[in-house]
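I have placed the structure first, in the form of structure tokens, so that the comments after it can refer back to it.
In what follows, every heavy atom counts, from backbone to side chain, and hydrogens, waters and symmetry copies are set aside.
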Amino acid sequence: MAQEKYAILSENNDMVLCEAVLMDRRGAKMTMKIVDDINILKGLKAVKFHAMESYAEIYQGQIVEINNNIVSFGDVVNISAQMRREIKLKIRVETNLIKTFPMDKEKIPRAIPIATNDISCGGMGFVSKADLNKEDSYEVVIPITSNPIIIDVEIMRKEFLPDKNMYVYGSKFLDLNIVGERLLREAIFKTQLRRHRRKIKVMEEKNK
């Protein structure tokens with residue numbers, strides 16, 4: 001039987017802390033073998049864990065015991081439904097916001113350069129030199145997925161930064177379907193894992 005692998009996430013900011021293999025699951029208890037440095041979990045009371053194969057299952061649990069590289073979790077609950085849109089990836093990607101118009105206006109959609117600050121399945125934060133009207137309609141091209149996807153967005157927050165001569169925006173996605181959500185969550189998760197593995201590799205090189 002193939003081992004079920006998980007990424008352990010911090011409780012507060014959902015950053016990948018380490019990787020683990022599931023050893024046992026009984027009701028609200030789970031036991032995992034940590035494959036990275038176990039010390040990163042010491043002192044923590046609770047964490048989240050994300051299934052590495054399905055990109056769909058997210059759990060939260062209390063750390064009950066750490067013995068060598070084995071961790072026992074208690075009060076484990078599946079929080080996938082409430083978390084599926086909340087896990088956020090801080091990432092800077094240059095892309096385009098597309099201002100759209102009703103069909104009867106006969107206007108050509110206009111591409112507006114932006115750079116993302118963060119992306120989740122619920123929306124994104126981004127910066128732009130463009131002064132955007134919150135009442136207008138926009139689409140955004142998301143380039144981090146295996147196949148780029150285009151999503152309707154609504155601008156929720158807007159702030160001008162005089163020292164940088166640009167605007168900071170917060171937005172939410174309006175029409176992200178199940179397929180698009182899966183692609184985006186997979187991209188967010190894989191990007192976090194790549195960052196984590198690069199960090200581990202750098203640490204290992206320093207310790208040689």
Side-chain angles (χ1 to χ4, degrees), residues 1-93 116-126 142-146 170 173 176 181-208:
M1 181 181 297
Q3 293 179 318
E4 193 172 356
K5 297 180 180 179
Y6 286 82
I8 308 297
L9 312 177
S10 60
E11 183 183 22
N12 297 322
N13 62 12
D14 300 319
M15 296 299 294
V16 174
L17 299 174
C18 56
E19 296 181 37
V21 175
L22 179 66
M23 298 182 67
D24 187 52
R25 177 191 297 168
R26 299 184 185 184
K29 297 180 180 179
M30 296 175 75
T31 303
M32 295 189 185
K33 180 179 179 180
I34 306 300
V35 298
D36 295 324
D37 185 0
I38 191 69
N39 290 314
I40 199 167
L41 297 183
K42 291 183 178 178
L44 300 181
K45 294 182 179 179
V47 293
K48 298 169 185 171
F49 14 103
H50 198 313
M52 292 175 64
E53 299 301 326
S54 67
Y55 313 108
E57 297 302 315
I58 308 172
Y59 298 87
Q60 182 170 294
Q62 303 291 319
I63 297 177
V64 176
E65 182 182 13
I66 297 178
N67 185 7
N68 292 323
N69 63 339
I70 306 299
V71 182
S72 298
F73 298 98
D75 299 326
V76 175
V77 291
N78 190 318
I79 59 172
S80 303
Q82 70 189 69
M83 285 298 300
R84 67 177 185 172
R85 289 181 174 265
E86 294 179 12
I87 288 185
K88 184 179 296 184
L89 174 68
K90 292 190 177 298
I91 186 170
R92 184 175 180 84
V93 176
T116 64
N117 283 330
D118 55 71
I119 301 175
S120 72
C121 286
M124 67 175 184
F126 64 94
I142 302 294
I144 67 170
T145 52
S146 53
F173 297 142
L176 187 61
E181 182 176 316
R182 180 179 174 83
L183 287 171
L184 187 51
R185 291 189 69 242
E186 179 180 346
I188 290 171
F189 185 46
K190 285 186 173 181
T191 301
Q192 281 195 335
L193 279 176
R194 283 197 300 270
R195 288 178 175 177
H196 169 70
R197 287 167 180 166
R198 283 200 300 266
K199 182 179 178 181
I200 293 297
K201 187 175 181 179
V202 169
M203 292 175 62
E204 290 175 345
E205 290 293 330
K206 286 183 178 180
N207 293 330
K208 282 184 178 179

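Pro143 approaches Val93 most closely through the heavy-atom pair CG-CG1, 3.2 Å. For the pair Leu17 and Ile40, the tightest heavy-atom approach, listed with the atom from each and the gap, is O-CD1, 3.5 Å. When all heavy atoms of Asn78 and Ile58 are compared, the pair lying nearest together is OD1-O, 3.4 Å. The minimum heavy-atom distance linking Ser120 with Ile188 is given by the pair CA-CD1, 3.8 Å. Contact record, Leu41 with Ile63: O-CD1, 4.0 Å, taken as the closest heavy-atom pair. For the residue pair Met52 and Ala7, the shortest heavy atom distance occurs at CG-N, 3.6 Å.
A salt bridge links Glu19 and Arg197; the closest N-O separation between the charged side-chain nitrogens and carboxylate oxygens is under 4.0 Å.
The backbone N or O of Ala187 lies less than 3.5 Å from no partner atom in the side chain of Thr145, so there is not a single donor-acceptor pair. Between the Lys48 side chain and the Glu11 main chain, a donor and an acceptor come within less than 3.5 Å of each other.
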Could you walk me through whether Ile70 and Thr31 pass the side-chain contact (heavy atoms from CB on, under 4.5 Å) test, one step at a time? CA-CA 7 Å; Ile70 306 299; Thr31 303; 3.5 Å; yes
Evaluate Val64 against Lys29 for side-chain contact (heavy atoms from CB on, under 4.5 Å), listing each step before the verdict. CA-CA 9 Å; Val64 176; Lys29 297 180 180 179; over 6 Å; no
Could you go step by step and tell me if Asp36 and Lys199 meet the side-chain contact (heavy atoms from CB on, under 4.5 Å) rule? CA-CA 11 Å; Asp36 295 324; Lys199 182 179 178 181; over 6 Å; no
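Taken to the nearest 0.5 Å, the CG atom of Asn39 stands 11.5 Å off from the CD1 atom of Ile34. Atom CE of Met15 and atom CD of Gln192 lie 5.5 Å apart (nearest 0.5 Å). The SG atom of Cys121 lies 6.0 Å from the CZ atom of Arg185; values are rounded to the nearest 0.5 Å. Distance check: Met32 CE to Ser72 OG gives 10.5 Å after rounding to the nearest 0.5 Å. In this structure, NZ in Lys90 is found 11.0 Å from OG1 in Thr116, a value given to the nearest 0.5 Å.
The aromatic rings of Phe189 and His50 sit parallel, their planes meeting at an angle under 30°, below the 60° perpendicular limit.
When ring centroids are compared, Phe73 and Tyr59 stay outside the 6.0 Å threshold.
Residues Met124 and Leu184 form no side-chain contact, since every pair of their non-hydrogen atoms from C-beta on lies 4.5 Å or further apart. Between Lys190 and Leu193, every side-chain heavy-atom pair lies at or beyond the 4.5 Å cut-off. Residues Leu183 and Ser146 are in side-chain contact: their nearest non-hydrogen atoms beyond the backbone lie under 4.5 Å apart. Under the 4.5 Å side-chain criterion, counting only non-hydrogen atoms from C-beta, Ile8 is in contact with Phe49. Residues Ile66 and Lys42 have side chains in contact (heavy-atom distance under 4.5 Å, counting atoms from C-beta outward). Lys5 has its side chain out of reach of Val35: every pair of non-hydrogen atoms, C-beta onward, lies at least 4.5 Å apart.
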